[in-house]
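Remember, it's 1-based here, ligands and their atoms both numbered in the order they're listed.
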Amino acid sequence: MEKVNRRSFTKTLSKGIGATALIGNLPLAHTMVNPQNNKKLGIALVGLGGYSTYQLAPALLDTEHCYLAGIVTGTPAKENVWAKKYHIPQKNIYNYSNFDAIKENGDIDVVYVVLPNAMHSEFSIRAAEAGKHVICEKPMAMNVAECDEIIKACKDNGVKLGMGYRLHSEPYTQEVKRFVREKTFGKVKDMVSEAAYYSGGNPNQWRLDKKLSGGGALMNMGCYAIQGLVYGSGENPIAVTAQEFSTRPAYFKDTDETITAQFDFESGAKGEMLTSHNQNANKLRVNCENGWYELDPASTYIPLAGRTSKGKLRFAQESQQKLQMDDFAKHILFDAPNLAPGEMGKRDMIIVEAIYKSIAEGGKKQTLKFKAGYGFSNGPTSE
Ligand code: NAD
């Protein structure tokens, strides 16, 4: 009932009918309004590590349709620092134990899960059960079964689910998707997609601990390399073959260091991907019948850059995280498309599992079966 009320409330606001009068009756945090005089959604960040601190929270100062309303942290020392910096009232601060009480908090509309991968499913499900919309960071979960549980919890509780896939809101990536849609350069022939960085820091970090990360480079950066091949061609793969290499096994004791994989697509297009924690690489190159397009870098936070066989691409730069969170808020408030639905996260995890299986079976080709467009924005919701 509460959810229905909130939805019809925001619908009323989005039409601009009686918005001022309604806002006047709400607690302070709800009075935040965007330039169209519509309600801004309150986001609570769960996990205040590097990504929340340096990317998401600063971006939420600039978002038009949402703002940082609350935090969930396991580190008490962060509470005051964040409360002061972002004007967060004490009643909107939670820890991992009392988190479920967020259900009663009308300031929080969306919970954004920014924790180590092993904690994504638990907190996404608890957020959905508290009646909050969910943004889940990548990779969606530890395995496909957990992705299913998150999707089900969000459906059962009538809340929206989006992935933290910022690139779908980013103009260079959107241009690549337009080239594919409009066949600007003709049929796609072959692609190379790389997402990798050199990891040399603390050997005890959670990203190198399989219990918390689920895997190494493939779980961390792999989604960018996989996604490049998928949105670069506009198709889901029908088969994948993969190989794993390690040149620093003493450091990468528990997780994969470097993985390469070859993708087959129904159209006949071929894709090569590389992901690694042992080198720096970041690009997408797509060769077509009548030309080519390339992003380099293709998935960093710093401005992307792109070229095609017709010339350089140039787009204004804005925070990708700002664009991403505003797009998800518009999905909730105005029924705009969900640019990175949960099924997209699950689709990528199906591919990740197939890559690990291929490696475990000595490079054996794995067949993949997706419904056309499964996991794309507004694609079918069953495989
Ligand atoms: P981080 O290590 O900087 O922060 C992790 C946070 O989780 C910390 O606040 C830590 O206190 C907390 N935490 C709770 N339980 C923990 C435990 N058992 N072990 C370790 N930390 C624990 O990590 P991060 O870079 O902020 O990444 C968080 C999530 O965000 C990951 O899923 C990552 O893949 C994702 N991420 C996404 C992007 C992107 O561009 N979309 C970028 C960076 C990170």
query: Does the cation-pi check pass for K310 over F185, that is, NZ or CZ under 6.0 Å from the six-membered ring centre and within 45° of its axis?
result: yes
Y293 and F179 aromatic ring geometry - parallel, tilted or perpendicular at 30°/60° bounds: tilted
Ligand 1 to L115 polar contact by distance, N or O atoms, under 3.5 Å: yes
Ring centroid separation Y94 to F99 under 6.0 Å: no
task: Could you list which atoms of ligand 1 come closer than 4.0 Å to a heavy atom of R166?
output: 39 (C), 40 (O), 41 (N)
- request: Determine, for K365 against D264, whether the closest basic-nitrogen to carboxylate-oxygen distance falls under 4.0 angstrom.
  value: yes
- request: Look up atom 10 (C) of ligand 1 and tell me if a protein heavy atom lies less than 4.0 Å from it?
  value: no
message: Are Y67 and Y86, when compared by the centres of their aromatic rings, separated by less than 6.0 Å?
response: no
Minimum-distance protein heavy atom relative to atom 26 (O) of ligand 1: Y51 N, 3.0 Å
4.0 Å heavy-atom contact, G164 with ligand 1: yes
message: Out of M221, Q324, R207, Q321, who is nearest to atom 44 (C) of ligand 1 when you count heavy atoms only?
response: R207
- prompt: Charged N to carboxylate O below 4.0 Å: is that the case for E122 and R126?
  reply: yes
- prompt: Closer than 4.0 angstrom: is that true for some heavy atom of M219 and an atom of ligand 1?
  reply: no
field: Test of ring centre spacing under 6.0 Å for Y231 and Y165
entry: no
message: Checking E194 now: which residues fulfil side-chain hydrogen bond (donor to acceptor under 3.5 Å, both in side chains) with it, not counting sequence neighbours?
response: none
Any Y165 heavy atom less than 4.0 Å from ligand 1: no
query: Quick one: does ligand 1 sit under 4.0 Å from the side chain of W206, the backbone, both or neither, non-hydrogen atoms only?
result: side chain
task: Taking atom types as modelled, find out whether D348 and Q227 have a side-chain donor-acceptor pair closer than 3.5 angstrom.
output: yes
- line: Nearest non-hydrogen contact to atom 16 (C) of ligand 1 from the set G49, P116, A141, A118 belongs to P116
H120 touching ligand 1 at heavy-atom level, < 4.0 angstrom: yes
- prompt: Below 4.0 Å from any atom of ligand 1, is there a heavy atom belonging to K78?
  reply: yes
query: In terms of atom number and element, which parts of ligand 1 are under 4.0 angstrom from non-hydrogen atoms of Y224?
result: 39 (C), 40 (O), 41 (N)
query: Taking only heavy atoms of N117, which atoms of ligand 1 are found under 4.0 Å from at least one of them?
result: 31 (C), 32 (O), 34 (O)
query: Is it the side chain, the backbone, both or neither of V114 that has a heavy atom closer than 4.0 Å to ligand 1?
result: both
message: With a 6.0 Å cut-off on the ring centroids, do H65 and F334 count as close?
response: yes
message: Does either side chain, that of E244 or that of Y356, offer a donor lying less than 3.5 Å from an acceptor on the other one?
response: no
message: With a 4.0 Å cut-off on heavy atoms, is M119 in contact with ligand 1?
response: yes
field: Test item, Y112 contacting ligand 1 (heavy atom, 4.0 angstrom)
entry: no
